[in-house]
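Following: one structure in C-alpha cells, then a few remarks.
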Amino acid sequence: MNVFTTRSSADQPADTGAYDYGTIELSGEGPVRHLRLNRPHRHNAQTTQMWRELTDVGRMLSDDDTVRAVIVYGSGRSFSSGIDLEEVTTADGFIRRMAALPEGDPDPITAHIVEVQRAFAWIRTAPFIVIAAVHGHAIGIGFELALACDIRVVADTARMALREIDYGLIPDAGGTAWLRDIVGRERALHLILTAQELSGRRAVEWGLALQSLPEADLIGAAEKYADHLAGLPRAAVAHTKRAVHEQNEAASIRLAAEGQAACIRVAIAEGAASTPAS
C-alpha cells in the first residue's frame with residue numbers, strides 16, 4: 001500500500017503561473033518561483049496531503065527548464081510547526097495507519113517513511129537552488145524542510161528545533177544527514193538529542209543559515225538573492241550544486257570534472273549558435 005497517490009500532468013491546471021494545491025501554493029511564471037506552505041490556521045503543520053503535494057510540485061518544477069530558483073516560505077505566523085497533531089492522534093492519521101501495518105520484509109513502515117522523504121528529496125537533486133525563508137517556528141519536520149533547502153535566510157525572531165526525541169522518535173525526513181552535513185556530527189547529535197531551540201541569530205552563528213534579518217525584510221532578501229541566481233548560467237548552477245552536495249570527496253571532485261566538461265560544451269554550443277554564419 002502506498003501512502004501517496006500522484007497527480008498526472010493532465011490533472012494540473014493551465015499554466016497561469018499560480019497553482020493552488022490545497023496545502024501549498026506555487027506562483028511565478030519567470031525563472032524565480034515562490035512555493036508557499038498554506039495552512040496558516042495550523043501554523044503550516046504538515047500532513048499526508050502536504051507531503052503528496054510537495055512531491056507533485058517538486059516533480060513539476062524539476063522538469064521545467066525555465067526554473068532557476070525557488071523560494072520556500074510559510075504563510076501566516078510560522079514557516080512550519082512540524083507534523084499536524086491530527087496525523088498523530090486520529091484514527092486515519094499517518095501514525096495510526098503505520099501502527100496498523102503488519103511486520104514484513106521489506107518493512108512496510110520503513111517503505112511509507114521513504115515515501116514521505118520524497119516530499120523533500122527532490123530539493124536536493126533539483127537543477128536549481130532552493131532558498132528557505134524561515135520565520136516564526138520551524139519545528140520537527142518543518143525544520144527538516146528548511147534543512148533540505150540549499151540556502152536558508154531566517155528572521156531574527158525565528159525559532160528552530162528538532163523535537164522528535166521528546167516523543168521517543170527521531171527526525172526521519174532527511175534531517176539527520178542534512179544537519180550533520182551542515183554543523184558536524186557532534187552538534188547534530190546535540191541538537192537532536194536535547195531538542196535545543198535555536199534563534200535566527202544563533203542559526204547563523206552555527207552555520208545553519210546564511211543571513212538573519214528582521215522578519216519584514218525576509219522575503220525581499222530571499223527574492224534579491226533568487227534574482228541573482230536566476231541570472232547565472234543554468235548548467236553551472238546545477239553542476240555546482242550536484243558536486244557540493246556529494247559528501248564523498250572523490251565522488252564530489254569527479255562530479256566537478258564532469259560538470260565542468262558539460263559547462264564547456266554548453267559554452268561552445270552557445271558560442272557557435274551566436275556566431276553569424278559566413
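Bear in mind that the values here come from a model prediction, so they are computed numbers and not experimental data.
- Of all heavy-atom pairs spanning F79 and G142, the tightest one is CE2-O, 3.3 Å.
- Using a 4.5 Å cut-off on side-chain heavy atoms (C-beta onward), I129 and K241 make contact.
- S80 and L37 make their closest contact through CB-CD1, 3.9 Å (heavy atoms, listed as atom of the first residue, atom of the second, distance).
- When all heavy atoms are compared, the tightest approach of T55 to R118 is OG1-C, 3.7 Å.
- Contact check on K224 versus D227 returns no salt bridge, with no Lys/Arg side-chain nitrogen under 4.0 Å from an Asp/Glu carboxylate oxygen.
- Scanning both residues, E144 and L162, for their nearest heavy atoms gives CG-CD2, 3.9 Å.
- Between E53 and T23, the side chains place a donor N or O and an acceptor N or O closer than 3.5 Å (distance only, hydrogens not considered).
- In terms of hydrophobic clustering, with Ile, Leu, Val, Met, Phe, Trp and Tyr side chains grouped at heavy-atom distances under 4.5 Å, I113 and I83 are assigned to a common cluster.
- Panel note: side chain H135, backbone G76; a donor-acceptor pair is recorded below 3.5 Å.
- In this structure a side-chain-to-backbone donor-acceptor pair under 3.5 Å is missing from E246 to A251.
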Determine, step by step, whether L26 and M60 satisfy the side chain to side chain contact (heavy atoms under 4.5 Å, CB included) criterion, reporting the C-alpha distance in whole Å, the side-chain angles of both residues, the deciding distance to 0.1 Å, and the verdict.
CA-CA 11 Å; L26 178 68; M60 183 180 70; 3.2 Å; yes

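- With hydrophobic clusters built from ILVMFWY side chains whose heavy atoms lie under 4.5 angstrom apart, I141 shares a cluster with I24.
- No side-chain heavy atom of Y21 sits under 4.5 Å from any side-chain heavy atom of L35.
- F120 and I182 fall within the same hydrophobic cluster, where Ile, Leu, Val, Met, Phe, Trp and Tyr residues are linked whenever their side-chain heavy atoms come under 4.5 Å apart, directly or through other members.
- Hydrophobic cluster membership is shared by L54 and V130, with clusters built from Ile, Leu, Val, Met, Phe, Trp and Tyr side chains linked at under 4.5 angstrom.
- In this structure, the separation between NE2 on H34 and CD on E223 is 4.0 Å, given to the nearest 0.5 Å.
- In this structure, the separation between CG on L179 and CG on L189 is 9.0 Å, given to the nearest 0.5 Å.
- Salt-bridge check for E205 with R201: failed, with every basic side-chain N at 4.0 Å or more from each acidic carboxylate O.
- When every heavy atom of L213 is checked against every heavy atom of A221, the shortest pair comes out as CD1-CB, 3.5 Å.
- Of the inter-residue distances, the one linking L198 atom CG with M160 atom CE reads 6.0 Å to the nearest 0.5 angstrom.
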Passes side chain to side chain contact (heavy atoms under 4.5 Å, CB included), I123 versus L145? Steps please.
CA-CA 9 Å; I123 296 173; L145 173 57; 3.8 Å; yes

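- Residue D84 forms a side-chain hydrogen bond (donor to acceptor under 3.5 Å, both in side chains) with just one option from R39, Q46, H43, and that option is R39.
- No side-chain heavy atom of V244 sits under 4.5 Å from any side-chain heavy atom of D150.
- Classification of R202 and E197 as a salt-bridged pair fails, no side-chain N sitting under 4.0 Å from a carboxylate O.
- Each of D156, V134, T157 was scored for a side-chain contact (heavy atoms from CB on, under 4.5 Å) with E215, with one residue passing: T157.
- Inter-residue side-chain proximity for L208 and F143 is flagged as met; some heavy-atom pair is nearer than 4.5 Å.
- Under a hydrophobic-cluster definition in which Ile, Leu, Val, Met, Phe, Trp and Tyr are linked whenever side-chain heavy atoms come within less than 4.5 Å, directly or via other members, L218 and I151 are assigned to the same cluster.
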Would you sort out whether N38 and S75 count as a side chain to side chain donor-acceptor pair (under 3.5 Å), showing the intermediate values?
CA-CA 5 Å; N38 194 31; S75 58; 3.2 Å; yes

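- Q247 has its side chain within reach of D181: a pair of non-hydrogen atoms, C-beta onward, lies under 4.5 Å apart.
- Counting all heavy atoms, side chain and backbone alike, A133 lies closest to A222 at CB-CB, 4.2 Å.
- Going from atom CZ of R152 over to atom CD of Q211 covers 13.5 Å, rounded to the nearest 0.5 Å.
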Intermediate values then yes/no, side chain to side chain contact (heavy atoms under 4.5 Å, CB included), I131 and Y225:
CA-CA 9 Å; I131 303 166; Y225 193 66; 3.6 Å; yes

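- The aromatic rings of H190 and W206 sit tilted, their planes meeting at an angle between 30° and 60°.
- Proximity of L61 to W122: side-chain heavy atoms (C-beta onward) are separated by under 4.5 Å at one or more points.
- Residue-environment remark: CZ (R180) exceeds the threshold of 12 foreign heavy atoms within 6.0 Å.
- Under a 3.5 Å cut-off, the side chain of R124 and the backbone N or O of H245 do not form any donor-acceptor pair.
- The side-chain heavy atoms of S27 and R33, taken from C-beta on, include no pair separated by under 4.5 Å.
- Going from atom NE2 of H112 over to atom OG1 of T110 covers 11.0 Å, rounded to the nearest 0.5 Å.
- The shortest side-chain heavy-atom distance between I170 and I192 does not fall under the 4.5 Å cut-off.
- One finds the CD1 atom of I253 at 9.0 Å from the CG atom of N248 (value rounded to the nearest 0.5 Å).
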